[in-house]
Amino acid sequence: MNSAPFPQLQAFLVVARLRSFSGAARELGVSRSAVSQAVRQLEEQLRVVLLARTTRSVSLTDAGRRLVESAGPAMRQALAAITEVSAEPGEVVGRVRLSVPRSAVPLVIAPVVPTFRARHPRVEVEVVVEERFVDLVAEGYDAGVRLTEAIERDMVQVRLTDAFRFVVVGAPAYLARHGAPQRPEDLLRHECLAFRMHSTGALYAWELERGRRTWRVPVRGGVVTNDTQLSVLMAEEGMGLAYAFEPMVMEQLRTGRLQRVLEPYAPRVPGYFLYYPSRAQSSPALRLFVDVAKELLAQAK
């Protein structure tokens, strides 16, 4: 760690991103005590407390959050610049770290990463698959993928997909036994594969719309999951109705393993977007990733 520039600041930023001294020690290849000492020295130099520590958790103080937001991007750029010294003229080296929901992986990540890596082999791509909302800057991400309504307004947004619908689906066997719901309120009498939200721990109320009217139906059932793909698999087994974005279930719909119900009430959303802070545009690696994503996804339309 002593060979790295600004080692104390780097140690703090890694701890802040991982919320763990042990995890930071593993990533930096030093002992936990060395990381703890580096952070303590930084706090002493700045005369502020940067991290609130308990026996079970590590969290940022207000001063620590401000330091992450201001110094984090600059540190990543400095480290990238050092790495780029070894690059050939015109070659880009570095890393792109992305936060991506599981449902977006087959739609926008799996098609892009292989081509991007083939064209830019010295740019490392780290994809963290998670459903929760993240603070890109504080947690050390270059960019994220989300539905546009979940993105902060001060972020740069790049469209990755067309608009699509969320649909309620069921297996033919389930629908033969229980019938198909005709109105949103009918879902309350059906076995529904409920989704527990990562951010709040609450069960998600299925959102439906028709014209200007909207519904939020508090569905229930014998299976609850935090993984949409699992709920689709359970629906294929006839265990209940599932709520999923339409591109995710197109193959099951095409083959008849699933059928749409309540189709007139299917809500439409603008689609998935790549988003990042405006200051991240200075990253050559991220600019190249955005270019490849836009090119490939445009070809797929």
Side-chain angles (χ1 to χ4, degrees), residues 100-108 129-133 145-153 157 159-273 301:
V100 181
R102 186 176 302 279
S103 55
V105 170
L107 198 63
V108 298
V129 180
E130 54 193 347
E131 302 300 332
R132 67 185 181 90
F133 298 120
V145 175
R146 288 291 181 269
L147 297 174
T148 185
E149 60 263 31
I151 300 174
E152 297 90 337
R153 294 186 180 277
Q157 298 186 34
R159 176 178 289 280
L160 296 178
T161 73
D162 291 330
F164 55 74
R165 301 187 306 173
F166 278 85
V167 293
V168 180
V169 295
Y174 174 88
L175 297 175
R177 292 195 306 270
H178 303 282
Q182 301 301 312
R183 299 173 300 172
E185 50 267 33
D186 293 344
L187 291 171
L188 298 174
R189 296 188 290 274
H190 276 265
E191 182 74 12
C192 295
L193 297 154
F195 180 83
R196 190 172 299 282
M197 299 176 65
H198 294 252
S199 55
T200 65
L203 291 180
Y204 174 69
W206 292 4
E207 298 179 62
L208 301 169
E209 63 182 38
R210 189 170 190 177
R212 296 185 178 182
R213 187 176 177 186
T214 61
W215 290 260
R216 289 179 56 86
V217 185
V219 300
R220 293 293 184 271
V223 175
V224 177
T225 180
N226 63 354
D227 186 282
T228 305
Q229 290 183 330
L230 178 58
S231 67
V232 170
L233 289 174
M234 295 297 98
E236 289 186 64
E237 295 297 323
M239 297 184 64
L241 301 175
Y243 184 86
F245 75 99
E246 198 166 25
M248 180 181 178
V249 294
M250 288 304 295
E251 178 62 18
Q252 293 92 330
L253 294 170
R254 185 186 67 80
T255 59
R257 300 198 303 275
L258 290 175
Q259 297 176 4
R260 300 176 187 86
V261 298
L262 294 173
E263 193 166 5
Y265 299 89
R268 182 174 295 272
V269 296
Y272 276 121
F273 288 74
K301 292 180 182 179

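All values below were derived from every heavy atom in this structure, side-chain atoms included, with hydrogens, water molecules and symmetry-related copies excluded. We number each residue from 1, following the sequence as shown.
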Leu203 side chain reached by Val224 side chain, heavy atoms, under 4.5 Å: yes

For residues Phe245 and Leu107, determine if any side-chain heavy atom of one lies less than 4.5 Å from a side-chain heavy atom of the other.
yes

Residues at least two apart in sequence or cross-chain that pass salt bridge (charged side-chain N to carboxylate O under 4.0 Å, His left out) with Glu207, listed by chain then number, are Arg216

So the salt bridge (Lys or Arg N to Asp or Glu O under 4.0 Å) pairs with at least one residue in residues 233-242 (sequence neighbours excluded) are Glu236-Arg257

(message) Could you tell me if the side chain of Asp227 sits less than 4.5 Å from the side chain of Arg102, heavy atoms only?
(response) yes

Residues passing the side chain to side chain contact (heavy atoms under 4.5 Å, CB included) test with Leu188, sequence neighbours excluded, are Val217, Pro218

Do Pro270 and Leu147 make a side-chain contact, defined as non-hydrogen atoms from C-beta onward lying under 4.5 Å apart? no

Separation between CH2 (Trp215) and CD (Glu185), nearest 0.5 Å, reads 7.5 Å

The side chain to side chain contact (heavy atoms under 4.5 Å, CB included) partners of Ala266 (sequence neighbours excluded) come to Arg165, Val167

Validation row: Val232, Leu258 side chains within 4.5 angstrom (heavy atoms): yes

Worksheet item: Are the side chains of Val168 and Leu208 in touch, meaning some heavy atoms are under 4.5 Å apart?
Response: yes

Contacts of Met197 meeting side chain to side chain contact (heavy atoms under 4.5 Å, CB included) (sequence neighbours excluded), chain-then-number -> Phe195, Ser199, Thr200, Tyr204

Salt bridge (charged side-chain N to carboxylate O under 4.0 Å, His left out) filter on Arg210, not counting sequence neighbours, yields none

Side chain to side chain donor-acceptor pair (under 3.5 Å) filter on Arg132, not counting sequence neighbours, yields Glu130, Glu139

Contacts of Arg212 meeting salt bridge (charged side-chain N to carboxylate O under 4.0 Å, His left out) (sequence neighbours excluded), chain-then-number -> none

Sorted by chain and residue number, the side chain to side chain contact (heavy atoms under 4.5 Å, CB included) partners of Val105 (sequence neighbours excluded) come out as Val100, Val129

Across all chains, not counting sequence neighbours, the side chain to side chain donor-acceptor pair (under 3.5 Å) partners of Ser103 are Tyr272

For Arg189, the salt bridge (charged side-chain N to carboxylate O under 4.0 Å, His left out) test, sequence neighbours excluded, returns Asp186

OH (Tyr243) and CG (Leu187) are apart, to the nearest 0.5 Å, by 10.5 Å

Interatomic distance, CE@Met250 vs CD@Gln252, rounded to 0.5 Å, equals 10.0 Å

**Heavy-atom check, side chain of Ile151 versus side chain of Gln157, under 4.5 Å** = yes

The side chain to side chain donor-acceptor pair (under 3.5 Å) partners of Thr214 (sequence neighbours excluded) come to none

Check whether any side-chain N or O of Arg260 sits under 3.5 Å from a backbone N or O of Glu246 as a donor-acceptor pair, and report yes or no.
no

- Does the side chain of Arg146 come within less than 4.5 Å of Phe133's, by heavy atoms? yes

